[in-house]
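To keep things clear, I will list the structure first and then write my remarks on it.
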Amino acid sequence: MGYTVKDLLESNNFSEMQLISDDSGIGREIKGVRIIEVPDMEKFLGGGELLLTSMRAYEATEEDVFLHHLKELDKKQISGFIVKCCQRTEHLKRLFDILMEFSQEHHLPVIEISEDLYFWGIIKHILLQLCDIETAKLKYFKMTHDNLNNILLNVIDSRESIERIFFLISTMLGNPVGLYNADGTCLFSSNSETQDFRIEKNIAEYKSGIITRYQYLCQKRKNTNYIEYIKKLNIFERQEMYFVVSEQNEPLRELDFIALENIIITLQFSLIRHVLEENLEKRHLRDLEYRMLNGSLSNDEENEVAGMLGLNDAEIYRVVTFRMDAIKNMEKFTNAQIKETELVENEIIRYLPREHIFLQTNQIVYIHRETELETGLEFRKKLEKLQQTIQEFLVNRGVEIDFLIGIGKTVTGYHELKESFKSSKIALKYIKVIRRIIGDEDKSVIDSTKVGFFYQILEKMKDINQLQAFIPESLNKLRQYDIQKNGELVDTLECYLNVNQSLKKTSELMFIHYRTVSYRLQKIIEIMNIDFNNPAEVLSVRIGLIAIRVLEVM
């Protein structure tokens, strides 16, 4: 005689088990073990199996149909039932009574376990009693595969599917499991008491002892007494995630790593599906948000979109535009540029609220809700610090991209967001001009409220002739001289005025000798007949220099 129901009861491996039928059938041999997943389970049995059920598979089954299934199961000479005591509806309670009556009549043992005891520990134990280890691995592989696939095929919503898979995984492995992003933030977990994840210095490769297609890492974190097994997942080569099993309850054994073979591939498939669905939804919202910002929605449509985005018509907002400018001639819409922009978006999300950040080709847009707790200056300082952080991130990646930030003007209500967005783009449009004017080639954060001249005058002047009218005749003469002689007198004049007419600072910034600056200034005075002590004349020349720089970018 092989392994019997009596042997299982006397094994003392599961103290929660309780025989609730008489003991007339406990001598039956267990030839297999299966979870009842569908009402007509008899179609999938070979015979002699011990069946595990919570009765939920029969929720929609009529009493006479249920009795018919029991008769068909008896023909398969099943060895008995293990039932969870969780029949909460009157219908399931009645079916349970029918099961007990049938079992009594046909001498089928019925074992009851508590609701919080999961089947997978029992399955692993029985398989190891019935088979050699290699056969047990094959059988367990198929069982875990079938159960995981059952969720994939029958749960439509991708998030719900992942949540149910995580619950199932934790019951299979007997330990908590979690999924974390590259920053260590928990995305999904089987445990309600989630905590952030981090990789320790003592992390090492783990060899599971079975032939596996996956490599795992393991570590023991500070202040914990359990091991974590880690599998790095890479979704579309763009999103890094970490699947983590925390060995808090019991050690992982060979059959658990067999289950992990199915778990990893199921997780990858589920996450790809979830990311695709999330991206489609996000793209739809991005399109609506962008249409709101560029003013292509009607007033009623703006109200509807604002409701979807959680925007209020009484709150104060500023639109911030982040732009990626290739230092070399990199095309804006290549896969490489778009990938870098996506990576930068992920970095920005670490510092700013995720819900109002969206990517649009080579730019990222953020709708900032102002509060009394933060002044405009504090907000600008925060963005300046963010710009430095992102720029360092790009430099460390070896990417030659200039990361620029344009801050739009303050507006009240979402209907005016388009004005703030427009001003943020204007700030970026003239950033090269502003850098030249203020003498700071590294200036990368421009507040539109600080460049009113450009917004009020130059942006409204699309006619080149109107701009040229701002250039004094004497300055035009200097430009013509530079063109003819391939000179740098205009640049020297601009730099000299930017540093409050300091010869020393001009020579330092232009990397030329002090005497060279002096010679050039004499030439400038000779050509322009300019009086540097006349504030009105200097102001006119400065405005003309601004107009020249704007003409260069038109």
Side-chain angles (χ1 to χ4, degrees), residues 118 120-121 124 133 136-137 140-141 144-145 147-148 152 161-275 339 342-343 346-347 349-350 393 396-398:
Y118 300 113
W120 294 99
K124 285 183 279 188
I133 185 63
K137 287 178 185 178
Y140 196 65
F141 181 88
T144 55
H145 176 272
N147 276 265
L148 288 164
L152 287 181
S161 173
I162 293 174
E163 288 172 349
R164 288 181 60 174
I165 286 170
F166 264 82
F167 175 76
L168 179 58
I169 292 170
S170 68
T171 65
M172 285 179 176
L173 303 178
N175 287 293
V177 291
L179 184 73
Y180 303 84
N181 65 15
D183 297 327
T185 302
C186 184
L187 302 175
F188 294 94
S189 176
S190 65
N191 190 344
S192 58
E193 297 178 3
T194 59
Q195 58 180 356
D196 288 346
F197 168 75
R198 69 176 183 273
I199 292 180
E200 299 285 357
K201 293 180 180 178
N202 65 350
I203 195 163
E205 287 189 8
Y206 177 75
K207 303 295 184 184
S208 64
I210 65 167
I211 298 173
T212 174
R213 74 191 97 176
Y214 302 116
Q215 295 297 317
Y216 302 95
L217 299 171
C218 67
Q219 67 178 17
K220 183 180 285 188
R221 276 200 262 173
K222 189 177 180 181
N223 300 324
T224 62
N225 57 2
Y226 56 83
I227 292 173
E228 291 176 328
Y229 296 91
I230 302 155
K231 177 71 181 84
K232 183 178 178 181
L233 306 176
N234 203 328
I235 308 302
F236 296 126
E237 297 297 322
R238 292 186 177 181
Q239 285 185 256
E240 288 184 358
M241 300 179 186
Y242 295 94
F243 172 65
V244 181
V245 183
S246 300
E247 202 178 60
Q248 295 182 26
N249 301 330
E250 55 188 78
L252 297 188
R253 305 190 187 280
E254 280 186 281
L255 291 187
D256 296 313
F257 285 99
I258 288 293
L260 278 168
E261 293 291 291
N262 282 316
I263 287 167
I264 299 301
I265 196 167
T266 303
L267 262 185
Q268 288 176 321
F269 179 85
S270 301
L271 290 169
I272 287 171
R273 174 186 163 195
H274 180 64
V275 168
K339 183 177 180 180
E342 289 174 349
L343 290 173
N346 290 332
E347 287 297 305
I349 286 170
R350 296 174 60 185
F393 168 76
N396 291 335
R397 283 182 53 77

Does [X] have any side-chain hydrogen bond (donor to acceptor under 3.5 Å, both in side chains) partners at least two apart in sequence or in another chain, and if so, which?
X      : result
Lys137 : Glu134, Glu254
Tyr229 : Glu247
Glu342 : Arg238
Glu200 : Arg198

Donor-acceptor pair, Asn175 side chain versus Val245 backbone, under 3.5 Å?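 Checking the backbone N and O of Val245 against the side chain of Asn175, no donor-acceptor pair under 3.5 Å is found.
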
Give a yes or no answer on whether the side chain of Lys124 reaches the backbone of Met172 with a donor-acceptor pair at less than 3.5 Å. yes

Minimum heavy-atom separation for [X] to [Y], with atom names?
X      : Y      : result
Glu250 : Gly174 : CG-O, 3.9 Å
Tyr226 : Ser246 : CE1-CB, 3.8 Å
Phe188 : Cys186 : O-SG, 3.5 Å

Report yes if the side chains of [X] and [Y] come closer than 4.5 Å at any heavy-atom pair, otherwise no.
X      : Y      : answer
Arg397 : Leu343 : yes
Asn346 : Asn181 : no
Val275 : Ile272 : no
Phe167 : Ser190 : no
Leu252 : Ile227 : no
Met241 : Leu267 : no
Leu271 : Leu179 : yes

I would like to know whether Leu260 and Thr212 meet side chain to side chain contact (heavy atoms under 4.5 Å, CB included); could you show each step before the answer? CA-CA 9 Å; Leu260 278 168; Thr212 174; over 6 Å; no

Kindly write out the residues that satisfy side-chain contact (heavy atoms from CB on, under 4.5 Å) with [X], not counting sequence neighbours, or none if the list is empty.
X      : result
Lys207 : Glu205, Gln215
Ile199 : Phe197, Ile203, Gln219, Tyr242
Thr266 : Leu148, Leu152, Ile165, Ser270
Ile265 : Arg213, Tyr214

If the plane angle is over 60° it's perpendicular, under 30° parallel, otherwise tilted; pick one for Phe243 and Phe166. perpendicular

Ile264 and Leu233: CA distance, side-chain angles, deciding distance, side chain to side chain contact (heavy atoms under 4.5 Å, CB included) verdict: CA-CA 9 Å; Ile264 299 301; Leu233 306 176; 4.1 Å; yes

Please report the interatomic distance [atom1]([X]) to [atom2]([Y]), rounded to the nearest 0.5 Å.
X      : Y      : atom1 : atom2 : result
Tyr206 : Leu217 : OH    : CG    : 12.5 Å
Ile230 : Tyr216 : CD1   : OH    : 12.5 Å
Asn262 : Tyr140 : CG    : OH    : 10.0 Å

Applying ring pair (Phe, Tyr, Trp, His ring centres under 6.0 Å), can you list everything that pairs with His145, at least two apart in sequence or on another chain? none

Residues passing the ring pair (Phe, Tyr, Trp, His ring centres under 6.0 Å) test with Phe141, sequence neighbours excluded, are none

What pairs with Lys220 under salt bridge (charged side-chain N to carboxylate O under 4.0 Å, His left out), at least two apart in sequence or on another chain?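 Lys220 satisfies salt bridge (charged side-chain N to carboxylate O under 4.0 Å, His left out) with no other residue.
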
Salt bridge (charged side-chain N to carboxylate O under 4.0 Å, His left out) involving Glu347 - partner list, sequence neighbours excluded: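 Testing Glu347 for salt bridge (charged side-chain N to carboxylate O under 4.0 Å, His left out), a comparison that skips the adjacent residues, returns Arg350.
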
From the options Asp256, Thr144, Ile169, Leu255, select the one residue that forms a side chain to side chain contact (heavy atoms under 4.5 Å, CB included) with Trp120.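 Answer after filtering Asp256, Thr144, Ile169, Leu255: Thr144.
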
